[in-house]
Amino acid sequence: MVGIGSFWRALPVEGRWLLSTVAIQTLGRGLTLPFTVIYLHEVRGFELGLSGALMSLIAVTGLIVTGPGGVLIDRYGARAVLLGGLTAMIAGCTLLAFATHPGVAAVALILMGVNFGVSWPGFNALIASVVDGDLRQQYFGVNFALINLGIGVGGILGGFYVDVTAPETFTAIFLVDAASSLVPMALLLGPLRHVRPRVAEPTDEAPAEGSYRELLRRPPVVWLTVLTFLAMFIGYGQMEAGFPAFARQVAEVSTRVIGFSFAVNTAVIVLLQFAVLKRISGRRRTRVMMVMAAVWAGSWLLLGATGLLPGSLAAAIGVLAFMGVFAFGETLLQPTVPAMYNDLASDRNRGRINAINSAAFQGGAITGPIVAGLLLDLELQAWYIALMVLGCVGIGVLASVLERHVSPAVNGVTATADAVE
């Protein structure tokens, strides 16, 4: 891959349509993501514990509907399922904008969870229907950077706009979030209405079996799923709970530093993702995962070191550095894992295999905060950091095992690169 121009020219028209609107689609989500719990607690007056429980409905619902969603994607196509999910998202955001009772908020958040449960496998399956080969890995990476850009910009705009003393400002951002879902809906009803899976002959690496039981009997799928769960547990599962709690309680930095650290995370991903894609193109994906594990281990050690100088400028710098290094690891992870899942799939089971990926992601994102909360509540800060680093070692080991169970093609190696190695 030479550059972004050649990447864009190599994309089919459908791929360009999908990619060109990603940042706009996620802008609305960025507006509401950091402020939903604040809205429930400080604006609508729900108790903090109840607000947290309501927030968990999104993840729990998403996990429940992921499995059936994968079956529906394989049976009726990603487009139909995504349209249903987006309709639920629009209804959920609109309802939440005016929710003054916990029961109404619960229904709204469940509807949003339905969308999250089907959107991950649905959009991944749709992308895989449009692009393939090394271009698919590049697409997943660029798509990830654009998602972060939209969410990051939305979060910044939301931070300047919302005011807890003015409930109408929160109503406005949730309605904008609902409206942003109209963009992908318009694409699916317009330029992408004819997209269908390419029915290819099954291979040894991507057989035609479709049931979850059959898929989970395949060693590559099992090892990749365990790796995904662990990466989410020590990665994204810590971003909304473990990391902020450690930064506040142990490093003793201000909330402003924590907020700015997320801006650093977004900036690093947006600035580095394309350069990273050029470096890893044609390389073994499992080796890229090993490098990512080492990078993440270094980031957690950085965060742990901030506890040695609590409340200092060095601690603040360390927290920002943690997020920057962690973001670099994300640029290595996000292009590789979804691409490998889809190279292990056939068009007959692509929805289900992406649902397995989604379930592993959500499982790690749900259990990560629970474990972090328990350890930090017991003031076991050192054990918390040690667990994160040990998890990174586990990712490296799992990537090594996975490498022995997949072909070089599924591992992302081109013939030229394989000869060089």
Side-chain angles (χ1 to χ4, degrees), residues 61-82 84-85 114 116-133 136-137 140 195-233 284-286 289 336-367 394-395 397-413:
T61 304
L63 187 59
I64 291 172
V65 305
T66 291
V71 175
L72 292 174
I73 289 167
D74 288 332
R75 183 169 298 176
Y76 300 108
R79 178 177 167 275
V81 176
L82 285 170
V114 169
F116 292 136
V118 301
S119 63
W120 180 285
F123 275 111
N124 279 3
L126 192 67
I127 290 167
S129 298
V130 173
V131 294
D132 54 17
R136 181 183 290 165
Q137 175 172 290
F140 279 123
V195 173
R196 296 287 186 275
R198 292 188 293 262
V199 180
E201 290 299 319
T203 65
D204 291 338
E205 292 283 351
E209 73 265 20
S211 73
Y212 285 113
R213 179 178 296 180
E214 290 172 323
L215 288 170
L216 290 171
R217 284 176 178 169
R218 294 167 55 191
V221 176
V222 172
W223 289 114
L224 184 57
T225 300
V226 175
L227 186 153
T228 302
F229 172 84
L230 185 56
M232 296 311 106
F233 177 86
R284 294 183 187 272
R285 291 165 179 161
T286 48
M289 295 175 195
T336 52
V337 169
M340 184 173 281
Y341 269 107
N342 280 281
D343 283 351
L344 287 169
S346 72
D347 289 315
R348 296 176 178 86
N349 57 35
R350 197 172 300 283
R352 268 165 272 214
I353 208 163
N354 278 292
I356 291 171
N357 177 18
S358 178
F361 187 104
Q362 294 179 68
I366 291 170
T367 56
I395 291 174
V397 172
L398 288 168
S400 177
V401 174
L402 178 62
E403 186 170 303
R404 298 196 292 270
H405 289 280
V406 295
S407 69
V410 169
N411 210 0
V413 181

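None of the values given here were measured: they were computed from a predicted structure.
One distance of note links CD1 of Ile395 with OG of Ser400; it measures 13.5 Å at 0.5 Å rounding. Expressed to the nearest 0.5 Å, how far OG of Ser119 lies from CG of Leu126 amounts to 12.0 Å. Rounding to the nearest 0.5 Å places CG of Leu63 at 8.0 Å from OG of Ser358.
In this structure, His405 and Pro219 approach most closely via the heavy-atom pair ND1-CB, 3.7 Å. Contact record, Asp343 with Ala409: OD2-O, 4.2 Å, taken as the closest heavy-atom pair. The minimum heavy-atom distance between Gly117 and Val65, with the atom names listed, is CA-CG2, 3.5 Å.
Residues satisfying the side-chain hydrogen bond (donor to acceptor under 3.5 Å, both in side chains) criterion with Gln137, sequence neighbours excluded, are Arg285. In terms of the side-chain hydrogen bond (donor to acceptor under 3.5 Å, both in side chains) criterion, residue partners of Thr286 (sequence neighbours excluded) are, by chain and number, Glu403, Asn411. Remark: Ala125 pairs with Ile73, Ala78, Arg350, Asn354 by the side chain to side chain contact (heavy atoms under 4.5 Å, CB included) rule, at least two apart or across chains.
Side-chain atoms of Arg352 do not come within 3.5 Å of backbone N or O of Val71 as any donor-acceptor pair. A donor-acceptor pair under 3.5 Å is formed between the side chain of Asn349 and the backbone N or O of Ser346.
Test Thr66, Asn357, Thr367 against Gln362 for side-chain hydrogen bond (donor to acceptor under 3.5 Å, both in side chains) and you get one pass: Thr66.
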Would you tabulate the side-chain donor-acceptor contacts of residues 220-229 under 3.5 Å, counting partners in other chains and residues two or more places apart, or write 'none'?
{"residue": "Thr225", "atom": "OG1", "partner": "Val221", "partner atom": "O", "Å": "2.7"}
{"residue": "Thr225", "atom": "OG1", "partner": "Tyr341", "partner atom": "OH", "Å": "3.3"}
{"residue": "Thr228", "atom": "OG1", "partner": "Leu224", "partner atom": "O", "Å": "2.8"}
{"residue": "Thr228", "atom": "OG1", "partner": "Tyr341", "partner atom": "OH", "Å": "3.2"}

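Taking 4.5 Å as the limit, every side-chain heavy atom of Phe116 sits out of range of all side-chain heavy atoms of Thr61. Taking the side chain as every heavy atom from C-beta outward, Phe140 and Val337 never approach each other to under 4.5 Å.
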### Query
side-chain contact (heavy atoms from CB on, under 4.5 Å) between Arg348 and Asp74: does it pass, once the steps are laid out?
CA-CA 6 Å; Arg348 296 176 178 86; Asp74 288 332; over 6 Å; no

### Query
Please walk me through it: do Met340 and Met289 pass side-chain contact (heavy atoms from CB on, under 4.5 Å)?
CA-CA 11 Å; Met340 184 173 281; Met289 295 175 195; 4.2 Å; yes

